[in-house]
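Each remark here refers to the structure printed beneath this line.
Naming: A, B, ... by sequence-line order, numbering from 1 per chain. Keep in mind that the numbers below use all heavy atoms, side chains included, and drop hydrogens, waters and symmetry copies. Small disclaimer: the values here were computed from a predicted structure and weren't measured.
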Amino acid sequence: MQKKERFRRFLEYFTQHYPEPKTELHFGNPYELLVAVILSAQCTDKRINQISPSLFARFPEPESLAAASVDEVFTYIRSVSYPNNKAKHLVGMANALMEKFGGEIPATLEELQTLPGVGRKTAHVILSVVYNEPTMAVDTHVFRVSHRLGLAPLTATTPLAVEKALMAHIPKQYVPKAHHWLILHGRYVCLARAPRCGVCELKGFCKYYEKVSEPGFS
DNA sequence: ATCCCGAGGG
DNA sequence: CCCTCTGGAT
């Protein structure tokens with residue numbers, strides 16, 4: 001099957017069945033989203049949503065977070081992965097927001113990536129969700145699902161390469177939605193360890209299913 | 001033992 | 001390129 005046809009069927013299916021996807025992280029403003037996305041690295045959204053209400057109540061805006069001690073922030077996020085690093089990142093991020101951007105969340109990839117704890121993936125999420133820009137954040141789900149479905153070539157071995165492969169074939173107006181579609185599919189159907197091919201509606205054009213359903217596959 | 005919406009440093 | 005960070009769920 002042609003790559004173009006794979007993308008067409010992928011977009012068609014989710015447009016039909018999940019027309020308005022959105023992030024499952026809970027947030028009330030761009031600042032809260034930025035904090036939540038930084039915390040979400042190598043951690044489930046569910047856990048972030050469990051600790052974020054008390055964190056946002058104590059540090060409701062960049063000013064209070066910038067003035068906080070790393071030790072106190074740590075006590076709010078101790079149950080997420082890498083709490084020491086993330087506590088430092090959050091305080092450093094808030095200080096950089098205050099000093100360089102007047103407390104506002106910047107709207108360019110370059111500016112966002114200057115913030116401590118904000119790499120290419122997090123910056124793309126902010127651009128996509130907050131500013132609705134056609135950018136593709138490639139996380140572990142997007143990376144895995146893109147390869148399995150055959151939306152990214154096996155030669156795309158880095159997140160950036162997968163990002164370029166997806167951007168080359170997804171119409172701009174679908175990019176923010178496609179980001180969520182790939183994540184949701186990875187989270188609930190195309191699981192890393194035990195993909196639920198039995199209930200997957202996309203296996204008809206999935207390269208991974210094509211392989212695992214071969215007669216002699218072990 | 002492996003995975004979860006990665007980033008920073010060597 | 002590699003390594004480290006490092007809690008909780010499965």
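- Summarising the geometry, the separation between CG on Asn49(A) and P on dC5(B) is reported as 10 Å, rounded to the nearest angstrom.
- The interatomic distance linking Ile38(A) (CD1) with dC4(B) (C1') rounds to 17 Å, in whole Å.
- In this structure, the CD atom of Gln42(A) is 11 Å from the C1' atom of dT2(B), given to the nearest Å.
- For dT6(C), the base is not stacked against the aromatic ring of Tyr82(A), per a cut-off of 5.5 Å between centres and 30° between planes.
- Of the two residues near DNA chain B, Arg120(A) and Ala192(A), the one whose nearest nucleotide lies more 5' is Ala192(A).
- A distance-only check finds no donor-acceptor pair linking the side chain of Thr122(A) to the backbone of Leu34(A) [under 3.5 Å].
- The distance between atom CG of Leu39(A) and atom P of dA7(B), rounded to the nearest whole Å, is 12 Å.
- For Glu63(A), the CD atom is densely surrounded, since the number of other residues' heavy atoms within 6.0 Å is greater than 12.
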Worked check of side-chain hydrogen bond (donor to acceptor under 3.5 Å, both in side chains) between Arg144(A) and His147(A):
CA-CA 5 Å; Arg144(A) 177 182 70 255; His147(A) 280 121; over 6 Å; no
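- One can place CD of Gln50(A) at 16 Å from P of dG7(C), the figure rounded to the nearest angstrom.
- Separating the P atom of dC5(B) from that of dT10(C) is a span of 12 Å, rounded to the nearest Å.
- Proximity of Asn84(A) to the phosphate of dT6(C): a side-chain N or O atom is located under 4.0 Å from OP1 or OP2.
- Here dT2(B) is the nucleotide among dG8(B), dT2(B), dC5(C) with the atom lying nearest to any side-chain atom of Arg193(A).
- Taking 4.0 angstrom as the limit, Arg187(A) places a side-chain polar atom (N or O) nearer than this to OP1 or OP2 of dC5(B).
- Across all strands, Val118(A) comes closer than 4.0 Å only to sugar-phosphate atoms, never to a base (heavy-atom distances).
- Rounding to whole angstrom units, CD1 of residue Ile77(A) and P of dC5(C) are separated by 16 Å.
- Comparing dG6(B), dC5(C), dG8(C) against the side chain of Arg47(A) picks out dG8(C) as the nearest.
- Between the C1' atom of dA9(C) and the CG atom of Leu191(A) lies a distance of 13 Å, rounded to the nearest Å.
- Here Arg144(A) does not reach the OP1 or OP2 of dC3(B): none of its side-chain N or O atoms lies under 4.0 Å away.
- Of the candidates dC5(B), dC4(B), dG7(C), dG7(C) carries the atom nearest the Pro83(A) side chain, counting heavy atoms from C-beta on.
- Distances from the side chain of Thr23(A) to the nucleotides dG6(B), dC5(B), dG7(C) place dC5(B) closest.
- Each of Phe74(A) and Thr158(A) lies near DNA chain C, and the nucleotide nearest Thr158(A) is the one positioned closer to the 5' end.
- The main-chain N or O of Phe10(A) is never found under 3.5 Å from a side-chain atom of Trp181(A) such that the two would form a donor-acceptor pair.
- Here the side chain of Ser128(A) pairs no donor or acceptor atom with the backbone of Val125(A) at under 3.5 angstrom.
- Taking atom C1' in both dT6(C) and dT2(B), one finds a spacing of 14 Å when rounded to whole Å.
- In terms of modelled atom types and a separation under 3.5 Å, the side chain of Lys177(A) and the main chain of Pro21(A) share no donor-acceptor contact.
- The phosphate of dC5(B) has neither OP1 nor OP2 within less than 4.0 Å of any side-chain N or O from Thr140(A).
- Using a 4.5 Å cut-off on side-chain heavy atoms (C-beta onward), Glu72(A) and Phe59(A) make contact.
- Between the OH atom of Tyr76(A) and the C1' atom of dG7(C) there is a distance of 19 Å, rounded to whole Å.
- Side-chain atoms of His179(A) lie closest to dC5(B) of the nucleotides dC5(B), dG8(C), dG7(C).
- At a threshold of 4.0 angstrom between heavy atoms, the contacts of Pro159(A) with the nucleic acid are absent.
- Of the side-chain N and O atoms in His141(A), one or more sit less than 4.0 angstrom from OP1 or OP2 of dC4(B).
- Among dA7(B), dC5(C), dG7(C), the nucleotide with an atom closest to any side-chain atom of Ser79(A) is dG7(C).
- At the phosphate of dA7(B), OP1 or OP2 sits under 4.0 Å from a side-chain N or O atom of Thr122(A).
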